[in-house]
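Within every chain, numbering begins at 1; the chains are lettered A, B, ... in the order of the sequence lines, protein sequences first and strands thereafter.
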Amino acid sequence: MKKLINTPDDLLRDALQGVEAAHGDRFRVSYDPAYVVRADAPVQGKVGLVSGGGSGHEPMHGGFVGPGMLDAACPGEVFTSPTPDQMQAATQAVDGGAGVLHIVKNYTGDVMNFDMAADLTRADGVEVEAVVTNDDVAVQDSLYTAGRRGVGITVVLEKIAGGAAEDRRSLQDVAELARRVNANGRSMGMALTPCITPASGNPSFELTEDEVEIGIGIHGEPGRFREKIGPASQIAERLMTPIIEDLPFSSGDRVLAFVNGMGGTPLIELYIMYNEVAKIASAHGLTIERNLIGNYITSLEMAGCSITLLKLDDEMVRYWDAPVNTPGLRWGV
Amino acid sequence: MKKLINTPDDLLRDALQGVEAAHGDRFRVSYDPAYVVRADAPVQGKVGLVSGGGSGHEPMHGGFVGPGMLDAACPGEVFTSPTPDQMQAATQAVDGGAGVLHIVKNYTGDVMNFDMAADLTRADGVEVEAVVTNDDVAVQDSLYTAGRRGVGITVVLEKIAGGAAEDRRSLQDVAELARRVNANGRSMGMALTPCITPASGNPSFELTEDEVEIGIGIHGEPGRFREKIGPASQIAERLMTPIIEDLPFSSGDRVLAFVNGMGGTPLIELYIMYNEVAKIASAHGLTIERNLIGNYITSLEMAGCSITLLKLDDEMVRYWDAPVNTPGLRWGV
Amino acid sequence: MTRFAASMAEHREELVQLDTAIGDGDHGTNMDRGMRKALEKLGAAEQADAGAVLKTVAMALISSVGGAAGPLYGTLLLQMGTALEGKDDVDLETYTAAWRKGVEGVQARGKAEPRDKTMVDALLPALQALERAPDLDSGLQDAASAAERGMLDTIPLIARKGRASYLGERSKDHQDPGATSTYYLCQTAAETLAS
Amino acid sequence: MTRFAASMAEHREELVQLDTAIGDGDHGTNMDRGMRKALEKLGAAEQADAGAVLKTVAMALISSVGGAAGPLYGTLLLQMGTALEGKDDVDLETYTAAWRKGVEGVQARGKAEPRDKTMVDALLPALQALERAPDLDSGLQDAASAAERGMLDTIPLIARKGRASYLGERSKDHQDPGATSTYYLCQTAAETLAS
Ligand SMILES: Nc1ncnc2c1ncn2[C@@H]1O[C@H](COP(=O)(O)OP(=O)(O)O)[C@@H](O)[C@H]1O
Ligand SMILES: Nc1ncnc2c1ncn2[C@@H]1O[C@H](COP(=O)(O)OP(=O)(O)O)[C@@H](O)[C@H]1O
Ligand SMILES: [Mg+2]
Ligand SMILES: [Mg+2]
Ligand SMILES: [Mg+2]
Ligand SMILES: [Mg+2]
């Protein structure tokens, strides 16, 4: 294992110090409990948005803290859910009197820790709602599992909900919109290589020189199946077909298409994938009205990508286009 | 070799099609000769900025085309300089009557091809200036070599020169400012892993499981020396010391610090590196007034990073802060 | 507590390996970090009784383990601690009642049924062993053996809760990391009383 | 031309390997792409004479090879083409003069001196061989042998131009890819005339 770190134990602290050194003008950083909050928090009268999850998915979530998106993010250890005390402190720090929305990816650990935090925070008198993302169509039989994982839609949801919160919409409105985004979004990912967590030092799974793993999660979990690598067009087909069939997306739909890199894939390959995605979307009569291409929800240095499609409505487009000013996403300001 | 491509031969065309599909609202894409130009080009009365180079360094340069930065970019094959006909066509497409600045990284191929293009374009009656970046302190004895390579400062220079051009400064002013940025910028890079060009299918060099290569270029060229991997603090020291000694940077200097990922390194590691860079800068009495952290000038999927320091003056800060609206860098708009 | 912490430190790598196979490879690190934090917290404050100790440990786990194991072990110990509060002398009956409360808490929080391939598959057999035991000493021994069997019985199961459930059929033939850490904790409890 | 293209296609991998060792691994691909493009261009248009052919090839290389080799081989052939323009019959003298013009062009563009470990180290010996030759046929043979010796002589050199120069001492003990492609082109020229 070769990484640009000091020791695995200090990784989170060192990274947070780097974030503070780089973005001290826009963030306040708390180390114990660990969270990052926008400098002007709490914004009075605005719904506060708090997310969090294991580290190793950067820029998500810390890179999405700022006007127009999240108010605070709680980083856990690598691939490990953060703890309730972090979420409780972050929630209090962003409570501007209009309530706080927790954005939680559907993993057992994240859900249980955010649940405990919500209980604690409600006991403190803060109004808290939670929305759980679960857009990963790679998880089948969700009745017999912990349910579908929350992946790419989380980024899109944080942007759209952030726009609505900045527009001073109520907690109920923002939560309802966020749930609609999740309900209309589907994702699937694949890997060319595994990733190595600093604590374990070992690859999360093994692939030979000509195999890819289809249907992976964002924690180095193995996927649905593995196969010999094919051209980009075939890989795009493998991911797009289950996505399109699941909602289903149908001819005439307006969509946002998000091609996400898992961390170790060059941007040029993501554009090649986007080209294939655009072809498949157009063959299905889908109109891509908005797109996002890049490394936004990653899995350390894993090579691979995920695709997310969101069926758009006017309100989503409006808040997607609204100004956002974070290290990870920025436009309109 | 596992990559998200169709075939190595179609790589550039497929990627350009992806760029057109994604950013058709802001770019015009020409395929033969290949270049990307901002949709509103030529901007009358504005100096046009054209850059270009081999592909595999994305988002540089195509991702930096747009208001406030480049007017056009010419992509070559992977790690191969583009050709004079591309540069000639791009130059004509952006000529708004105020002349055109070529931004060229100092590699034999790039310099010769841009030279030929400048000859051709001048013959067409367009005023052309060229600025060559050569900030890589890893190249020693530059008298006996092709000279120092142009690396990280190129990104910073394109932003600052772009701001000046948008401000309708003259070709001479923009070129002079660009040369000052290059003269005051220094960079050095390192790799944890090599990269594999799609055409060769083989790693550019071999490293064992505990070795790093210090002083690498951005084309998978081997570096100055290799050593056993140490903590992030030591790696930062290895890169910062030659940079600081070379200009030299001295106590009281205001600097821009740019920690760049080579493509395969997670963002969280870049923040850890930035933390070490900030400590070293502060120990030398340097004030980091601006920073940039992320994958901006990459080397395919290589893991590693480079550090660039630029000694700032007021004019540079002003144009660094000026609005920019490109897929790769965006603020103020 | 020192022994629990030592046990987690000792088995850290093994738990990481088990979790790498069917999860995300952090269970050992998480438990080790939590136990070290708990030791720190215990060192800092005087504790009235076993109940108070367990509650302090529970809070330390909750605020430092994260993942699925943090809230689950936290809940287990918090419930046990509440049940043992103010009890000066812990006998088989109070211990069994406390363990029952703890396991109920884990099931309430995680919604796992037996044979879902989770720590519940070690926790429940341990409870049944305690309920059948003649005295505390052999109760703890039997609980440890029962937890071990429960842990081994997770190997052929298909996971239906937690991260391993994403693997479906591919989760078979792997031992559940959470059931494994439960066994080590039961084993340590038995050894501690014995010594 | 078909033979030049075939030679580059044949040696593509070898040139890539040589360039991977001390450059960026694209020389073979670049030359192969350029030659295929040149064939295409030649197929499309009738050519008046050898000079016109060379100029068409030169323009095709310039606009498709890229890197260092594109402008350099482009310049070589453009200068040769200009020198041979309108010449119906190419004899030793005109060929040697054209080659001299070409090599001068390469040196003007690339500023490389002999022993800088570049294609110049194959181009110049070939020129000298042509200058000493009795007739065109043996001139081309001798030029190819001289280019080969020049190519082999680059092995111990430290590169002072082009990408390999960044390696300093580490560029030693590697054969220069550009000198190698020059040798293959000279060799093909000799074989073509012989047949
Ligand atoms: N819903 C649940 N109920 C009970 N135990 C569970 C549940 N989900 C997961 N577990 C236990 O947690 C263990 C994994 O813990 P850990 O690796 O620390 O968390 P994470 O899965 O979040 O990385 C599993 O091996 C399993 O025993
Ligand atoms: N300044 C120069 N003069 C002459 N030949 C050069 C010069 N620089 C490089 N070369 C030749 O070009 C070859 C490399 O070509 P190629 O790999 O296609 O270009 P690049 O180095 O841009 O990738 C070298 O092996 C060398 O022979
Ligand atoms: Mg985990
Ligand atoms: Mg090249
Ligand atoms: Mg785990
Ligand atoms: Mg080369």
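- Side-chain atoms of Ser145(D) and Asp142(D) include no donor-acceptor pair closer than 3.5 Å.
- Contact count against chain B (heavy-atom pairs under 4.5 Å) is highest for Arg163(D) among His27(D), Arg163(D), Lys161(D).
- Note: Pro84(B) leads Pro84(B), Pro82(B), Gly220(B), Gly76(B) in heavy-atom pairs under 4.5 Å with chain D.
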Checklist entry - So Thr80(B) and Arg33(D), side chain to side chain contact (heavy atoms under 4.5 Å, CB included) or not? Walk me through it. => result CA-CA 12 Å; Thr80(B) 300; Arg33(D) 183 176 58 247; 4.1 Å; yes
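- Both the backbone and the side chain of Ile62(D) come within contact range of chain B, each with at least one heavy atom under 4.5 Å from a heavy atom of that chain.
- With a 4.5 angstrom heavy-atom cutoff, Ala164(D) does not touch chain B via any of its atoms.
- The contact between Thr75(D) and chain B is made entirely by side chain atoms (from C-beta outward), counting heavy-atom distances below 4.5 Å.
- Looking at Asp136(B), neither its backbone nor its side chain comes within 4.5 Å of chain D, counting heavy atoms on both sides.
- Of the atoms belonging to Pro203(B), it is backbone heavy atoms, and not side-chain ones, that fall under 4.5 Å from chain D.
- In this structure, chain B has heavy atoms under 4.5 Å from both the backbone and the side chain of Ser63(D).
- Of all the listed residues (Thr29(D), Asn30(D), Val16(D), Ile158(D)), the one sharing the greatest number of non-hydrogen pairs under 4.5 Å with chain B is Asn30(D).
- When Gly67(D), Ala68(D), Ser165(D), Gly66(D) are compared by the number of non-hydrogen pairs under 4.5 Å with chain B, Gly67(D) comes out ahead.
- Of the residues considered (Val78(B), Asn113(B), Thr108(B), Asp9(B)), Asn113(B) shows the highest number of contacts with chain D, using heavy-atom pairs under 4.5 Å.
- Ion pairing between a basic and an acidic side chain is recognised when a charged N comes within 4.0 Å of a carboxylate O; Arg148(B) and Asp246(B) show such pairing.
- Not counting sequence neighbours, the partners of Tyr184(D) by the ring-ring contact (aromatic ring centres under 6.0 Å, His included) test are His11(D).
- Note on Gly168(D), Gly25(D), Gly162(D): by heavy-atom pairs under 4.5 Å with chain B, the leading option is Gly162(D).
- Ring orientation note: the planes of His57(B) and His219(B) are nearly perpendicular, at an angle over 60° on the 30°/60° scale.
- Ion pairing between Glu213(B) and Arg170(D) holds under the 4.0 Å rule for side-chain N and carboxylate O.
- The closest donor-acceptor contact from the side chain of Trp99(D) to the backbone of Leu123(D) lies under 3.5 Å.
- Looking at Ser200(B), the atoms closer than 4.5 Å to chain D (heavy atoms on both sides) sit in the backbone and in the side chain alike.
- Proximity to chain D is limited to the backbone of Phe225(B), based on heavy atoms less than 4.5 angstrom apart.
- For the pair Arg122(B) (side chain) and Val128(B) (backbone), a donor-acceptor distance under 3.5 Å is present.
- The closest side-chain donor-acceptor pair between Ser187(B) and Ser306(B), if any, does not fall under 3.5 angstrom.
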